[in-house]
Structures are given as structure tokens and as C-alpha cells.
Amino acid sequence: MKTRKDYDYYIFLDYSEDLIGYNIIEQKKIGELLPKILRFEHYKGRRNRKIYLKHINYTIKREKIKSYFEKTKIEESRKNIELFTEVLEFIKKHENCIIFLSVDDYQFKKLRKLLFLINGKNIDIRKESQLKKGTPEYQVSLVIDNLLNIERRKQR
């Protein structure tokens, strides 16, 4: 899998029931990360979800997956404005960088409106459903998807 060289950063924002979270990763770290997350899949597509999450959680810890990300954060969905603000501050701080932003379909319209406030011309924003299976972008988006589901199951 090849990543596009024209993006400087990738941001993946996802939503799962009562949680919302994001990951930010530099383009150059994606190549190192991909071999470690090849087994990652969408949680909803798994038959035995509990065992799958146990294995993925072990992989995340063993391979130190979180260390590849510039920032990772998970909060209750009622704090979505705080998370959006953090993402927008990162984008504003890196206004000379080209950023790929994948947003959960449910949150897409809200965040896109906020992007206009900071003149996000250097942003390639996509709905999560637009990511093509098998692409590096899709595979890296599964990290936050799985982290959210692991966190959600811990809270139960």
C-alpha cells in the first residue's frame, strides 16, 4: 500500500455511540505503521467482537501503535466541540501543511462548517464512508475505530 506524498498530516476523527475521538499522524510515519495494523478491521464487521477487540488491544500495546501518532484523544461525545476545537487549532497551527482529514459521516457537516471559520483551503476533507477499503487511509482510520470500541467496552 502506498501513501500519497502530498499530504503532510492525516487526521482521523471518528464517533462510536457515546464516544468521539481523533488521531493525528505525520505522513512519514504511516509507512512504518501499516505493517503493524494489517489485521485491523471494522469492529462492526466482526462476528466475535469481544475476542477481536482483545487481540487488537494486545496488538496496540505490544506494537506501541499509539506512539506513531502525533496526538490521540477520546472523549465523551458531548465534548465534541472541545475535540473539534483541538483539531481546528492543530490545522491552524499547521496552516502551511496539506492535511488529509477523515471525519465520521455523522460529524462531517458540523466539522466542515467549522473549517470555513479558519479558511481551511489546505484541507482535503472526506467522509469516512468515502475511504476505499485497502487504502492506507482506510487502514489507518481503523486504529481510531478500534480504540473507540475498546474504550467503549471498558466503560461497560
Side-chain angles (χ1 to χ4, degrees), residues 1-45 52-53 55-77 79-95 97-108 110-112 114-115 118 120 122-155:
M1 285 188 265
K2 283 189 165 183
T3 57
R4 290 182 49 171
K5 300 288 184 214
D6 52 349
Y7 295 123
D8 298 303
Y9 290 95
Y10 290 78
I11 302 173
F12 299 92
L13 191 119
D14 202 1
Y15 170 82
S16 179
E17 288 183 27
D18 56 344
L19 295 174
I20 187 167
Y22 69 85
N23 284 339
I24 300 173
I25 188 167
E26 278 186 88
Q27 192 278 331
K28 62 185 176 185
K29 291 187 179 179
I30 289 181
E32 300 170 37
L33 177 65
L34 285 174
K36 299 175 187 300
I37 60 170
L38 285 175
R39 292 181 30 204
F40 283 31
E41 296 178 20
H42 260 292
Y43 173 76
K44 290 179 182 175
Y52 169 74
L53 283 182
H55 288 292
I56 293 303
N57 194 24
Y58 177 72
T59 301
I60 288 169
K61 289 177 182 173
R62 183 187 70 227
E63 300 292 340
K64 298 178 176 87
I65 300 298
K66 290 182 182 179
S67 70
Y68 289 90
F69 292 92
E70 183 120 344
K71 187 154 187 183
T72 297
K73 189 163 189 178
I74 295 175
E75 292 283 349
E76 296 172 352
S77 58
K79 295 184 178 182
N80 68 345
I81 294 299
E82 291 173 38
L83 252 75
F84 288 174
T85 303
E86 287 181 27
V87 169
L88 294 173
E89 285 172 354
F90 179 87
I91 292 169
K92 187 76 172 155
K93 185 177 167 185
H94 295 85
E95 63 187 354
C97 297
I98 300 171
I99 299 173
F100 177 89
L101 176 60
S102 168
V103 181
D104 183 270
D105 293 24
Y106 180 74
Q107 301 288 337
F108 183 79
K110 297 172 192 173
L111 191 61
R112 193 174 69 190
L114 290 173
L115 276 175
I118 62 163
N122 59 337
I123 311 298
D124 182 0
I125 184 170
R126 306 242 182 107
K127 290 181 180 179
E128 185 181 17
S129 63
Q130 292 176 313
L131 299 179
K132 292 182 182 170
K133 198 171 185 175
T135 63
E137 292 86 3
Y138 176 83
Q139 203 62 34
V140 177
S141 77
L142 294 176
V143 174
I144 189 64
D145 180 67
N146 284 296
L147 286 171
L148 284 166
N149 287 302
I150 290 166
E151 186 63 32
R152 188 171 44 80
R153 288 195 68 105
K154 276 186 205 174
Q155 291 179 354

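Classification of Lys71 and Glu86 as a salt-bridged pair holds, one side-chain N sitting under 4.0 Å from a carboxylate O.
For Tyr9, the OH atom is densely surrounded, since the number of other residues' heavy atoms within 6.0 Å is greater than 12. A 6.0 Å sphere centred on CZ of Arg62 holds more than 12 heavy atoms belonging to other residues, nucleotides or ligands.
The shortest side-chain heavy-atom distance between Lys93 and Glu95 does not fall under the 4.5 Å cut-off. Residues Leu34 and Val140 are in side-chain contact: their nearest non-hydrogen atoms beyond the backbone lie under 4.5 Å apart. Within the 4.5 Å cutoff, the side chain of Glu70 has heavy atoms near those of the Phe90 side chain. Under the 4.5 Å side-chain criterion, counting only non-hydrogen atoms from C-beta, Ile144 is in contact with Ile74. No side-chain heavy atom of Phe12 sits less than 4.5 Å from a side-chain heavy atom of Val103. Under the 4.5 Å side-chain criterion, counting only non-hydrogen atoms from C-beta, Leu101 is not in contact with Asp124. Side-chain contact between Leu83 and Tyr22 is present, with heavy atoms from C-beta onward closer than 4.5 Å.
Here the OG atom belonging to Ser141 is positioned 7.5 Å from the CG atom belonging to Asp14, to the nearest 0.5 angstrom. With rounding to the nearest 0.5 angstrom, the CZ atom of Arg153 is 14.0 Å from the CG atom of Leu148.
A donor-acceptor pair under 3.5 Å links the side-chain atoms of Asn149 to the main chain of Asp145, judged by distance alone. Under a 3.5 Å cut-off, the side chain of Asn146 and the backbone N or O of Leu142 do form a donor-acceptor pair. Judged purely by atom type and a 3.5 angstrom limit, Tyr52 uses its side chain to pair as donor or acceptor with the backbone of Glu41. One N or O on the side chain of Gln139 and one on the backbone of Ile37 form a donor-acceptor pair closer than 3.5 Å. A donor-acceptor distance shorter than 3.5 angstrom exists from the side chain of Asn122 to the backbone of Cys97, with no hydrogens or angles considered.
Residues satisfying the side chain to side chain donor-acceptor pair (under 3.5 Å) criterion with Asp105, sequence neighbours excluded, are Ser129. A search for salt bridge (Lys or Arg N to Asp or Glu O under 4.0 Å) contacts involving Glu17 returns Arg152, Arg156, not counting sequence neighbours.
Taking the six-membered ring for Trp and the full ring otherwise, His42 and Tyr138 have centroids separated by under 6.0 Å.
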Go through the steps for Asp18 and Ser77 under the test side-chain hydrogen bond (donor to acceptor under 3.5 Å, both in side chains), then give the verdict. CA-CA 5 Å; Asp18 56 344; Ser77 58; over 6 Å; no

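The closest side-chain donor-acceptor pair between Asp8 and His94, if any, does not fall under 3.5 angstrom.
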